[in-house]
Protein chains: 2
Amino acid sequence: MNEQLQPLKKPTRVGKAGRSGTQDDIVYAHIFEAILEQRLAPGTKLSEEALGEIFGVSRTIIRRALSRLAHESVVLLRPNRGAVVASPTVEEARQVFFSRRMVERAITELAVLHATPEQLNELRLMVREERDSFSRGDRGAGIRLSGEFHLKLAEAAGNAPLISFQRSLVSQTSLIIAQYESGNRSHCSYDEHMQLIDAIEARDAEQAVSLMMHHMDHIDSKLNLDEESASDDLHAVFSHLLQTKKRGGSVSAKG
Amino acid sequence: MNEQLQPLKKPTRVGKAGRSGTQDDIVYAHIFEAILEQRLAPGTKLSEEALGEIFGVSRTIIRRALSRLAHESVVLLRPNRGAVVASPTVEEARQVFFSRRMVERAITELAVLHATPEQLNELRLMVREERDSFSRGDRGAGIRLSGEFHLKLAEAAGNAPLISFQRSLVSQTSLIIAQYESGNRSHCSYDEHMQLIDAIEARDAEQAVSLMMHHMDHIDSKLNLDEESASDDLHAVFSHLLQTKKRGGSVSAKG
DNA sequence: GATTATGCGTTTGTATACAAATAATGCAAA
DNA sequence: TTTGCATTATTTGTATACAAACGCATAATC
């Protein structure tokens, strides 16, 4: 019955993701976190009733949470056909990265101007957590913390519209990584994150922006967005059939 | 009973704002249009039941429309206290304009690269409509079309995340204009819009961006965001009591 | 044998009923 | 007259019931 929702495990503790908000905030945060940690794969069907049972709330709440996620383009809401985790196409991925470059540049410049020592401390703390997660082998948490770092940086910039936009972009980026990351090495982004904080603390705007732009380059150099621009949806469908577990070089050529 | 919703008139024709979507799309579009045309003033209470009666749908639909509007920061959704049309503070207004500068620059550069002749034609058509509206004295429609011009330009740029962000920023800008515009002359933006299209058609990126930035300057030079930074909410409360209809110079001094 | 039609089961869309929270009103006391 | 409190009324939050749409499976027809 609920076999479509295999990756979603019932969260026993409402601690981390559940903020002190209303019920739909909790559901939203949990699904958002599940996507950020890639426990929910792109294309996964999100049945309202199943989710309602899992979280112990009615469909009304689930529906609102999905609506918010859909507005951030993290979830695709097809009329009369339910919600699925979005599967960004290559073109959509490019657009997201373009926007992110623009936003991250602005955020970095603002953070250099406005970030308080407390915020810089918090950022450092997050990077350490991120590093620990990766070294512990908890890739999911690492990716989530990496995303939250960029979100926190947006908060340090202190521009509300930018924060909300960044939230949408970061979660979409996570989806894109889940879908297109070439299985090379893991995200060793924490090193770049730390350098970035140093530059911001030194109030060196030029250096900070330069580091951020290189960071962006590194992120999308790990993806293979060059291929499959033609057989788009089809490839997404067949990808897990062709290379179920063996991530290898034999498929690297376009073909 | 419904005296709080005085500015909202029941739209007899569903033509312009009502797209071929589901019911909540129609409600969303109507409220959005009403805000864009400033028939709904900042702070106006948006009762779910009243709106439901007006549009002939249940609260469920209204609720979804309000939720979408809230996510675009056009409507403020206070827990257990209902929805109101947002009243941006001076600081929020500054943040919106900062973001808009950033986005409009990117949009202009992309439009120079990607705008098709058809899109340029459509843009010109919109500017003519805008000009006609102003010369006809229909200031509301003029402001709406001015906003839709910037939205259309975002579409011509062809970047989906940017479009959605721009939608949010444009509607917030309209709110800000409603709240802070000094009653000088009307928005003669259509002239600048037309020049902008010319520069884009000529594929002159530098000129187009320069025009756009000046356009942004003009927009916020019409606002008086410099004052009232201290007595923020209080002033908003008293403003319509002090100068109900007489827009004059006697109140211009900060005091 | 392939393709289209039809019925059934499941899932979403919408309305409404009930519970909870907030705002308004009236009364009493200082 | 004003301030504080208690009660009432209105409004929002949530759950659920019913209707409509979709997908799948079976069956009938070409």
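It should be emphasised that the depicted structure is a prediction, and the values quoted were computed from it without experimental measurement. Each chain gets a letter, A, B and so on, in the order the sequences are listed, and its residues count up from 1.
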Requested in this report: Let me know the distance between CZ of B:Arg63 and P of C:dT16, rounded to the nearest Å.
Outcome: 16 Å

Query raised in the report: Between the side chains of A:Ser67 and B:Arg64, is a donor N or O closer than 3.5 angstrom to an acceptor N or O?
Result: no

Requested in this report: To the nearest Å, give me how far apart CD (B:Glu49) and C1' (C:dA17) are.
Outcome: 13 Å

Query raised in the report: Donor-acceptor pair, A:Glu48 side chain versus A:Arg59 backbone, under 3.5 Å?
Result: no

Requested in this report: Strictly below 4.0 Å, heavy-atom distances to any atom of DNA chain D: list the hits from residues 70-78 of chain B, or just say none.
Outcome: none

Query raised in the report: Roughly how many Å is it from CD1 in A:Ile62 to C1' in C:dG13, rounded to a whole number?
Result: 16 Å

Query raised in the report: Can you tell me how far CG of A:Asn159 sits from CE of B:Met102, rounded to the nearest 0.5 angstrom?
Result: 7.5 Å

Report summary line: When rounded to whole Å, the CD1 to C1' distance for the pair A:Ile61 and D:dT16 reads 13 Å

Report task. Between D:dT12, C:dA15, D:dA15, spot the one nearest the side chain of B:Ser47, thanks. Result -> D:dT12

Query raised in the report: Hey, is CD on B:Glu49 packed in by over 12 heavy atoms from elsewhere, all under 6.0 Å?
Result: no

Report summary line: To the nearest angstrom, the CG-P distance between A:Leu46 and C:dT12 comes to 10 Å

Report task. Determine, stepwise, if the pair B:Arg68 / B:Val75 fulfils side chain to side chain contact (heavy atoms under 4.5 Å, CB included). Result -> CA-CA 9 Å; B:Arg68 282 176 63 186; B:Val75 151; over 6 Å; no

Report summary line: Assign each of B:Thr60 and A:Asn80 the nucleotide of DNA chain D bearing its closest heavy atom; nearer the 5' end lies the nucleotide of B:Thr60

Between the protein and nucleotides 5-8 of chain D, list the N/O to N/O atom pairs that are separated by less than 3.5 angstrom.
none

Query raised in the report: Closest heavy-atom contact between A:Gln166 and A:Ala154?
Result: CG-CB, 3.9 Å

Query - 5'-most by nearest nucleotide on DNA chain D - A:Arg59 or A:Arg81 - result: A:Arg59

Query raised in the report: Does A:Asp220 come within less than 4.0 Å of A:Arg100, counting only side-chain N to carboxylate O?
Result: no

Query raised in the report: Using the ring of each side chain (for Trp, its six-membered ring), is B:Phe165 parallel, tilted or perpendicular to A:Phe165, with breaks at 30° and 60°?
Result: parallel

**Report entry** Any A:Lys45 side-chain N or O less than 4.0 Å from OP1/OP2 of D:dC22
**Finding:** no

Query raised in the report: Just how far is it from atom OG of B:Ser99 to atom CG of B:Leu169, taken to the nearest 0.5 Å?
Result: 5.5 Å

Query raised in the report: A:Glu48 CD to D:dT14 P: how many Å, rounded?
Result: 16 Å

Report task. For C:dG13, take OP1 and OP2 only and decide whether either is under 4.0 Å from a side-chain N or O of B:Arg64. Result -> no

